[in-house]
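What follows is a single structure, written as structure tokens, with notes after it.
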2 protein chains.
Amino acid sequence: MIRILIVDDEQPIANLIRMNLSRMGYACTCAYDGQAAADLVERESFDLILLDIMLPKFDGYDLLAFIRPMNIPVIFLTAKSDVNDRVKGLKLGAEDYIVKPFELVELVARIEVVLRRYNKSRTYLSILDIVIDYEGRSVLRNGEKIELTRKEFDLLVVLCQNPNTALFREQLFERIWETDYMGETRTLDSHIQRLRRKLGWQDRIKTVHKVGYRLDVPMDKMPQETKEPV
Amino acid sequence: MIRILIVDDEQPIANLIRMNLSRMGYACTCAYDGQAAADLVERESFDLILLDIMLPKFDGYDLLAFIRPMNIPVIFLTAKSDVNDRVKGLKLGAEDYIVKPFELVELVARIEVVLRRYNKSRTYLSILDIVIDYEGRSVLRNGEKIELTRKEFDLLVVLCQNPNTALFREQLFERIWETDYMGETRTLDSHIQRLRRKLGWQDRIKTVHKVGYRLDVPMDKMPQETKEPV
DNA sequence: AAAGTTGTGTCAGAAATATGACAAAAGGCT
DNA sequence: AGCCTTTTGTCATATTTCTGACACAACTTT
């Protein structure tokens with residue numbers, strides 16, 4: 001399991017990130033100031049650190065310098081588009097940075113790139129008869145690539161990461177559209193339909209009346225993380 | 001050949017390190033005080049510097065500041081385990097530090113990490129049907145040279161270093177232009193087009209709609225670092 | 001059966017990308 | 001400096017792709 005430390009003094013933000021990354025299967029810990037982060041880093045071992053630069057006590061740069069020798073990749077979160085800050089951070093050894101506000105899709109993609117660069121893992125998710133390549137944002141079946149659009153891919157990922165779980169429409173809207181429930185339209189239905197068709201999963205993706213949708217997966221074909229896109 | 005400068009006023013130690021690193025295939029030079037080191041750095045070019053902090057004449061920190069603009073990675077050797085010292089050095093731009101006494105294995109490991117971080121250790125990258133020569137900034141196919149401009153080359157390198165990975169436009173801009181996402185322009189597209197044409201890679205370099213681009217590479221043709229332009 | 005939900009095909013607008021031509025900038029050379 | 005060449009960015013236009021919406025059919029639940 002990949003362990004990620006999230007360092008941000010704005011607790012709601014840190015927690016939001018944590019919730020989302022947890023759902024993606026990462027083990028997350030939050031620290032709300034530099035001192036706490038430094039302590040955690042000394043005691044536990046992390047595979048990656050998400051670091052907000054503006055911090056009370058000792059700031060992001062100090063922490064970055066402190067972390068550096070441990071050779072743990074750091075992606076730092078920077079509020080505005082201050083170029084100097086970023087250059088400084090990169091010089092101090094950060095692997096990447098992302099400007100707030102950011103889309104979760106992008107954050108996740110970057111996390112995966114950085115992890116792979118560090119050979120921690122490039123993971124594929126194999127489930128049923130397909131393999132999901134997160135980084136490539138593509139889907140394979142018997143070595144054949146199935147082309148999905150962005151929304152379709154995001155939707156598929158959510159379903160596959162929560163197999164045999166009824167997901168409320170509201171939840172799906174939140175995660176994929178990052179917005180509130182769009183009650184009246186048939187948008188979600190349309191996407192589900194497209195997914196069903198492209199994957200031939202009409203009876204895999206079940207409708208849960210008055211709730212939402214559920215991906216049915218037999219016990220012997222539950223999702224597995226693999227290193228190879230088998 | 002990787003050139004390493006060893007700066008330490010204790011000559012026996014410097015020489016011990018030199019002998020060992022030489023055996024590992026590094027070209028080593030020793031300097032026994034700050035002045036000598038500064039002179040050497042001015043005259044010759046090094047890929048990495050091992051720097052003892054306690055030095056006569058002018059000390060390690062001064063030298064570090066002096067070296068900094070040259071963008072040569074520095075690992076410093078420190079006797080004490082004082083945290084402040086370390087942070088000071090790291091903030092001054094050192095890549096890493098190692099506390100004396102240290103084991104040679106560890107030193108070598110750290111050297112390699114740092115060199116890799118600086119892309120100094122690799123020379124050629126062969127991928128698909130081409131070979132990238134980093135130092136010559138050129139690309140070969142069947143021994144034929146393909147002329148690329150600077151931006152094209154940079155772009156190609158990023159793509160090749162992240163094969164099968166959907167790279168966000170934003171990321172590409174950051175890496176190649178070192179600037180923010182330039183949402184409005186078609187600059188990136190133009191360069192992608194030129195690359196596709198020059199390399200005949202129109203279907204290798206895939207467009208990932210609403211995300212960016214991805215270089216598709218079959219598993220058996222994944223990039224390999226080589227010392228020779230095979 | 002009625003009311004409420006969901007499925008599905010189609011479509012149009014919006015957004016994103018491709019592409020060629022051209023202008024601007026950068027670099028070389030005398 | 002001036003001139004020429006190459007590189008890079010921009011623009012206009014064409015083309016592609018995505019997405020949400022709608023109408024209406026089909027299905028569930030009560």
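Every chain is numbered from 1 and lettered A, B, ... according to where its sequence line falls, protein lines coming before strand lines.
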Is there a side-chain contact between [X] and the phosphate of [N], meaning an N or O under 4.0 Å from OP1 or OP2?
{"X": "B:Gln193", "N": "C:dT19", "value": "yes"}
{"X": "B:His209", "N": "D:dT16", "value": "no"}
{"X": "A:Arg169", "N": "C:dT5", "value": "no"}
{"X": "A:Trp177", "N": "D:dG20", "value": "yes"}
{"X": "B:Thr207", "N": "C:dA18", "value": "yes"}
{"X": "B:Thr187", "N": "D:dT10", "value": "yes"}

(request) Assign the ring pair B:Phe76 / B:Tyr97 to parallel, tilted or perpendicular, where the plane angle (0 to 90°) is split at 30° and 60°. (result) tilted
Which nucleotide in the list [options] gets nearest to the side chain of [X]?
{"X": "A:Arg197", "options": "D:dA21, C:dT6, C:dG9", "value": "C:dG9"}
{"X": "A:Lys210", "options": "D:dG20, C:dG4, D:dT17", "value": "C:dG4"}
{"X": "A:Arg186", "options": "C:dA18, D:dA21, C:dG7", "value": "C:dG7"}
{"X": "A:Asp189", "options": "C:dG7, D:dA21, D:dT8", "value": "C:dG7"}

(message) Is it the case that the base of D:dT19 and the side chain of A:Thr149 share a donor-acceptor contact (distance under 3.5 Å, atom types as modelled)?
(response) no
(message) Quick check: any donor-acceptor pair below 3.5 Å linking the side-chain of B:Arg194 to the base of D:dG9?
(response) yes
(message) Let me spell it out: for each of B:Val211 and A:Gly212, pick the nucleotide of DNA chain C with the closest heavy atom. Which residue's pick is nearer the 5' end?
(response) A:Gly212
